[in-house]
Protein chains: 2
Amino acid sequence: MTSPELKPQRHSRASGRVTIVDVARLARVSPMTVSRALKTPALVQLEARDRIAAAIKQLGYVPNQAASTLASAKSQVIGVIVPSLSNSVFVDTLTGIRDSLNQHGYKFLIGESSYSPDKESQLISTYLAHAPDGFLLSGIEQQDALREQLATHNVPAVRMFDLNPGNSEVTVGFSHEEAGYSIARHLIARGYRQPGFLGAQLDPRMMKRRHGFRKALSEAGMNPEVEVLTPVPSTVELGTKMLGQILQQAPACDAVFCCNDDLALGVLFECQRRGLSVPGQMAIAGFNDLPWSAFANPGITTIVTPRYDIGFTAAQLLIKLLRHEPLETTSVDLGFKLAIRSST
Amino acid sequence: MTSPELKPQRHSRASGRVTIVDVARLARVSPMTVSRALKTPALVQLEARDRIAAAIKQLGYVPNQAASTLASAKSQVIGVIVPSLSNSVFVDTLTGIRDSLNQHGYKFLIGESSYSPDKESQLISTYLAHAPDGFLLSGIEQQDALREQLATHNVPAVRMFDLNPGNSEVTVGFSHEEAGYSIARHLIARGYRQPGFLGAQLDPRMMKRRHGFRKALSEAGMNPEVEVLTPVPSTVELGTKMLGQILQQAPACDAVFCCNDDLALGVLFECQRRGLSVPGQMAIAGFNDLPWSAFANPGITTIVTPRYDIGFTAAQLLIKLLRHEPLETTSVDLGFKLAIRSST
DNA sequence: CTGAAAGCGCTTACAG
DNA sequence: CTGAAAGCGCTTACAG
């Protein structure tokens, strides 16, 4: 006969995983002391610390982040939303964010909004389930519903790539309008008579660059209406097509400002194909200073954007917010640089 | 006198967050039924389901992923490690992974190993704290310690970008050696006498492409020793420099195989600058078919790699593994295509 | 400097 | 189809 005391065991849910309790037992301390040794070692006696370290190593202990998040209501995760990963501009920003967050033990979840406000809101809803400590968002044109959602969940956010003076939302970027303005001023100073604008994607920041560009032309008494706009993403291929389109519209066009360098590269290739000398018959200016721009033939005049620094600075500001440290300003202008090269 | 029963409340840790209990109360069901309505709605009566949905909406309830992960030991998170995010090849793979995982409710953590096995192991250790359900790794040359770690934690992994026939590790990619071989065969068939090799990064897959390239030259009785190798990452700028280096080493070199298209673009610009006609005086072949390759002037001959499909397929296989479904094969060869254009 | 108790918000494993 | 109880592995809030 089997013992009637030997009931089948209920609720056996052990994951087999090594836990803080196992480490504590081996190191002959309480679980609480192991937790302290990991988070605030200064509060734990050196001897105990050594025994704990040895036990962790021997057992191959890895802390369970889910348990930590649940108990502390802090996830050490930052949600990052960028418009696109195919655009190396945003990858550079992610690198800046990573370099900044890694120093402070934060991880990040990367989301790609494809420039869609709806998708951005949706991603943020999904990420909220992971209880992120904060968000890094792209642009300043978020939907009201999104603002409410962030406020309800009490999650701080920093906006990147634009400026937002006079607004309480923390923003890190530069003035796209001024950048477009300065390209136009440069082309005017060089003596081009009919500069045109090539715009893709048509996101808000691109439209601001366009606005600055048109403003400078108008101020100089020149025609600001020479342009080709399309909502599709900018690529080299698109640039090759847009050159033909703008020349058809304005045969006298002698310079183009491309809203991104990949468009500019496409224009350059197409000029070569058509036997148009650059900058003699067609000047080309781009935007962002992508890695190849300086090495093209000829080198492409462009706006150097501080995208790595935008990511790094935005992350630093977010960490300050999380620590409730005071900020000097809510709108950080990192500026831009006009790089004049042989294409204009 | 104040009542002696009114003790100060201990252990008040309420986060203020809306929980499943709040939803349950409002919907007049148990928390368990709310949980079921979310995960397995078919098991919940339609009326209850409607009341729960209304309560969720009214309260703005968002499930706490940390609590779910802790209770179920399933995180719905996949760890993805790629060598580099600056290389658009891997970004395309991430897009494929995303398209595949999103269908099944998984999120993913992206790590960048910078082609370093040490960094890869380190990232995986960090990610293990998040209890990922699985990993998608790049390459087949992982360290033994890493294999052990994955085995200990019982986390399945799929390798990407290479082949691994006869091995039990699941791998999705194509043969880099065959790709290098086919580029060499093409250059030989076109009549080039002294093809050279330009290699950057020197990662294992690049070395396999080189091996295939050299093998074809040797078989044809040609000199396989014309090459420039450097461990730095491939860029357009690097390509402009490497052309000079290989011409110095072998002035008769009349064709180059670049281990990546950005190198090829740099070579093209430098040829233009030096007045070398392409392909007349110098033929150029690249690798990967980056977005601009077809639109350069001339279009660049290259190997079209199935990088989106690699990501998509690898994620599909991982999901099968997680569901303990049988796989037909452990090494999936997605192949490659030789795109012959005007540069060769 | 250390530890016992309680709780974070879910899901598992039952029982009905 | 539904629910009460227990537990996942940590950290908080005390008390010493």
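So you know, we letter chains A, B, ... as the sequences are listed, proteins then strands, and number each from 1.
Residues satisfying the side chain to side chain donor-acceptor pair (under 3.5 Å) criterion with B:Ser113, sequence neighbours excluded, are absent altogether. By the side chain to side chain donor-acceptor pair (under 3.5 Å) test, A:Ser116 is found to be paired with no residue, residues two or more places apart in sequence or in another chain being considered. Take A:Arg147 and apply the side chain to side chain donor-acceptor pair (under 3.5 Å) test, not counting sequence neighbours, and it matches A:Glu169.
Between B:Ile20 atom CD1 and D:dG3 atom P there is a gap of 12 Å when expressed in whole angstrom units. Rounded to whole angstrom, the span from the CE atom of B:Met32 across to the P atom of D:dA4 amounts to 12 Å. Atom CG in B:Asn64 sits about 18 Å away from atom P in C:dG7, given to the nearest Å. In this entry the distance linking CD of B:Gln76 with P of C:dT11 reads 11 Å, nearest Å. If you measure from atom CZ of A:Arg17 to atom C1' of D:dG9, you get 9 Å, rounded to the nearest angstrom. The interatomic distance linking A:Leu128 (CG) with C:dC10 (C1') rounds to 17 Å, in whole Å. The separation between B:Arg25 atom CZ and D:dG3 atom P is 14 Å, rounded to whole Å. Computed from coordinates, the B:Asp22 CG to C:dC10 C1' distance equals 13 Å when rounded to whole Å.
In terms of position on DNA chain D, the residue among B:Pro31 and A:Val21 whose nearest nucleotide sits closer to the 5' end is B:Pro31. Residue-to-nucleotide proximity on DNA chain D shows that, of B:Ala67 and B:Ser30, the 5′-proximal contact is made by B:Ser30.
Consecutive pairing runs in DNA chain D reach the stem threshold at C:1-3 with D:14-16, C:5-12 with D:5-12, C:14-16 with D:1-3, where a stem means at least three Watson-Crick or G-U wobble pairs with distances under 3.5 Å.
Each of B:Ile81, B:Ile310, B:Val80, B:Val82 was checked for a side-chain contact (heavy atoms from CB on, under 4.5 Å) with B:Ser138, and the lone residue meeting it is B:Val82.
Sorted by first and then second residue, the ring-ring contact (aromatic ring centres under 6.0 Å, His included) pairs with a member in residues 66-102 of chain B read B:Phe90-B:Phe161; sequence neighbours excluded. Among pairs with a residue in residues 62-71 of chain A, those fulfilling side-chain hydrogen bond (donor to acceptor under 3.5 Å, both in side chains) read A:Gln65-A:Thr69, at least two apart in sequence or across chains. Among residues at least two apart or in separate chains, side-chain hydrogen bond (donor to acceptor under 3.5 Å, both in side chains) pairs with a member in residues 88-101 of chain A are A:Asp92-A:Arg307, A:Arg98-B:Glu112, A:Asp99-A:Tyr308, A:Ser100-A:Gln316.
For A:Ser72, the listed nucleotide lying nearest its side chain is D:dT11; candidates were C:dC10, D:dT11, C:dT12. Across C:dC10, D:dG3, D:dG9, the shortest atom-to-atom separation from the side chain of B:Ser68 is found for C:dC10.
Of the residues in residues 35-48 of chain B, B:Ser35, B:Lys39 come within less than 4.0 Å of DNA chain C through at least one heavy atom, sorted by number.
Between A:Thr33 and the phosphate of C:dG3, there is a side-chain N or O to OP1/OP2 separation shorter than 4.0 Å.
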Determine all donor-acceptor pairs shorter than 3.5 Å in which one atom belongs to a side chain in residues 127-136 of chain A; sequence neighbours excluded.
residue  : atom : partner  : partner atom : Å
A:Tyr127 : OH   : A:Ile110 : O            : 2.9
A:Tyr127 : OH   : A:Gly111 : N            : 3.4
A:Asp133 : OD1  : A:Ser75  : N            : 3.0
A:Asp133 : OD1  : A:Ser75  : OG           : 3.4
A:Asp133 : OD2  : A:Gln76  : N            : 2.9

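Here B:Glu47 does not pair with B:Arg28 in a salt bridge; the nearest charged N to carboxylate O distance is not below 4.0 Å.
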